[in-house]
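Scroll down for the structure; my scribbles are underneath it.
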Protein chains: 2
Amino acid sequence: MVYSEQHSDGALLKGRTFDPDIAKFVATIRKRFSFSEAEAERLSERITLTTVYDREEFLVREDERIHFSSLIIEGYAARAKYNEDGSRQITQLQIPGDFVDLHSYPLEVLDHSIVALTSCTIAKLHHTDISELIDHDPRMARILWFSTMVDAAMHREWIQNIGSREGKARIAHLICEIHARSEVVGLADNGTFDFPLTQTQLGECLGFSQIHVNRLLRQLREDGYLTFKEKIITIHKRDELCDLAGFDPNYLYLTKRSS
Amino acid sequence: MVYSEQHSDGALLKGRTFDPDIAKFVATIRKRFSFSEAEAERLSERITLTTVYDREEFLVREDERIHFSSLIIEGYAARAKYNEDGSRQITQLQIPGDFVDLHSYPLEVLDHSIVALTSCTIAKLHHTDISELIDHDPRMARILWFSTMVDAAMHREWIQNIGSREGKARIAHLICEIHARSEVVGLADNGTFDFPLTQTQLGECLGFSQIHVNRLLRQLREDGYLTFKEKIITIHKRDELCDLAGFDPNYLYLTKRSS
DNA sequence: CGAGGGGTTGACGTTGTTCAATGAGCGTGG
DNA sequence: CCACGCTCATTGAACAACGTCAACCCCTCG
């Protein structure tokens, strides 16, 4: 086994010692994508040391030409597009275990910004390293391409959510999505998970005003679907909440692919 | 030159004769992506004969496992997600020259349906052929990946449009997008272009009711921005319309890439 | 102790939906 | 040929969803 020996400081190794955060990250994404051990090691050794970003700090700015992709180790980030009046639309939430902004590899210049919503621990992977990984291993190209296409699928679901669902169903759907994604990476426990967004940030995801978000959350609480206190959500009636939201997790492609 | 000799029936050839529709399609996408002539030929010879779909007929149904990708030769199609009540949200419009549903290659099973909005002429490319193209030519993989990432960028713009813009600006933005995309593939002439959608279909793109679309279009007409008669739009005040919409075409990545 | 960010609540205005009725165009069958 | 049924577009009126403004709370941090 590649990652069987546990270092005293938490790092996993096989001859080589990786940053414990990075080892954990790679182990996490291996749950979703079928990396071989050799692939996982080749990936790990190219991921560079972690950086911490403050809340509301930009990881990438729109129109910027960048040469690396970011991976979230800890914290919440978002893809966001800024409006002319200074407000913004969040188009996707990124949680620990996400390859954020792999999009910048084929696109070269991003059409949107990446911003930390909480303080974030980030690791980086240079585009030249991605090219080398892909050249050595066409299967890696498929995995990375697949990963970005899941982001596109999430975008489509958000379009449907914002365009077709109203009020309680819309906010419930977002909560169901984050719960399902958190669960897969081991960040949800029996319906309880961290949800560190403010009501304003929630509104920026959903196209609602902060005040409307407040009222909708109160209704979900009063209806007994969930509690949401101190940045922690507990879902009490999961099936009913998914039903209210019209939530079907297929679009997240969470089950491991065979290929 | 590969495509210099013109056949009597309109096909272009170099030893080999391609379907004239396919030759035209490949010539069109070569305006956007930097294919070499050899690449263009390898692609052309793998694209199979065209099929015609009726209005509102499905090219692909959600959850279906398919083994080919579709290319639009003529007509309008859409990515759509169906709601529980039978209504639907359109998440992207596809016009002639688009690789539609290349997403199904890495995803294998689609999270959404592809439906013809008008009668459509479609060509197909088998997934096995895509794999062969990519294996022979890693640059082709980048081009195809890039193409799907532009779709993701359009999705993000739509999220912003539906989530942040209201009324006239929202519908104006969609019109600006289709105009810009039509122009690139030679389907717009000095602000005039085919726009064969019904008001109902427009509403399904924008998250508006058909009745509201009707009223908004009337306002745009009354304000002198455009005329829209018999499925043809003519934009009279392009700069003002883009300004109203907050439209910036960067997200379409229309300019030819160097790589 | 004061300032600032986040949450809560009420009153009121705007945007967009629903229901309903009408007309124009088009293909089909008598 | 016209009558019909259909789809699409148009318009009005009542209603619901959501935003804005304003006031107030609590908490944290300097």
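Chain naming here is simple, since letters A, B, ... match the order of the sequence lines and numbering starts at 1 in each.
- Contacts of A:Arg221 with the nucleic acid, taken as non-hydrogen atoms under 4.0 Å apart, involve only primed sugar atoms and P, OP1 or OP2.
- Which of D:dC8, C:dT8, D:dC18 sits closest to the side chain of A:Gln199 comes down to C:dT8.
- Counting non-hydrogen atoms under 4.0 angstrom, A:Gly207 reaches the backbone sugars and phosphates but no base.
- Here B:Arg218 does not reach the OP1 or OP2 of D:dT10: none of its side-chain N or O atoms lies under 4.0 Å away.
- If you check every strand for non-hydrogen atoms under 4.0 Å, A:Ser209 touches a base.
- Rounded to whole Å, the distance from CZ on A:Phe208 to C1' on D:dA16 is 13 Å.
- Toward the 5' end of DNA chain C, the nearer of the two residues B:Arg170 and A:Leu217, judged by each one's closest nucleotide, is A:Leu217.
- Protein atom CD1 of B:Ile211 is 13 Å distant from nucleotide atom P of D:dG12, rounded to whole Å.
- A donor and an acceptor atom, one from each side chain of B:Ser104 and B:Asp101, are located under 3.5 Å apart.
- When rounded to the nearest whole Å, the span between NE2 of A:His212 and P of C:dC12 equals 19 Å.
- Phosphate contact (OP1/OP2 of C:dG7, side-chain N/O of A:Asn214, threshold under 4.0 Å): absent.
- Atom CZ of B:Arg55 and atom P of C:dG27 are 14 Å apart (whole Å).
- The CD1 atom of A:Ile171 sits 11 Å away from the P atom of C:dG7 (whole-angstrom rounding).
- One can place CG of A:Leu216 at 12 Å from P of C:dT8, the figure rounded to the nearest angstrom.
- Residue-environment remark: CD (A:Glu84) stays at or below the threshold of 12 foreign heavy atoms within 6.0 Å.
- For B:Arg156 and A:His103, the side-chain atoms include at least one donor-acceptor pair closer than 3.5 Å.
- One distance of note links NZ of B:Lys231 with OG1 of B:Thr118; it measures 10.0 Å at 0.5 Å rounding.
- Residue-level contact check: B:Lys168 touches neither bases nor backbone, having no heavy atom under 4.0 Å from any strand.
- Taking the six-membered ring where tryptophan is involved, the planes of B:Phe25 and B:Phe99 are perpendicular, since the angle between them exceeds 60° and thus also 30°.
- If you measure from atom CD of B:Gln210 to atom C1' of C:dT18, you get 12 Å, rounded to the nearest angstrom.
- Taking atom CZ on B:Arg215 and atom C1' on D:dA14, their separation rounds to 12 Å, with Å as the unit.
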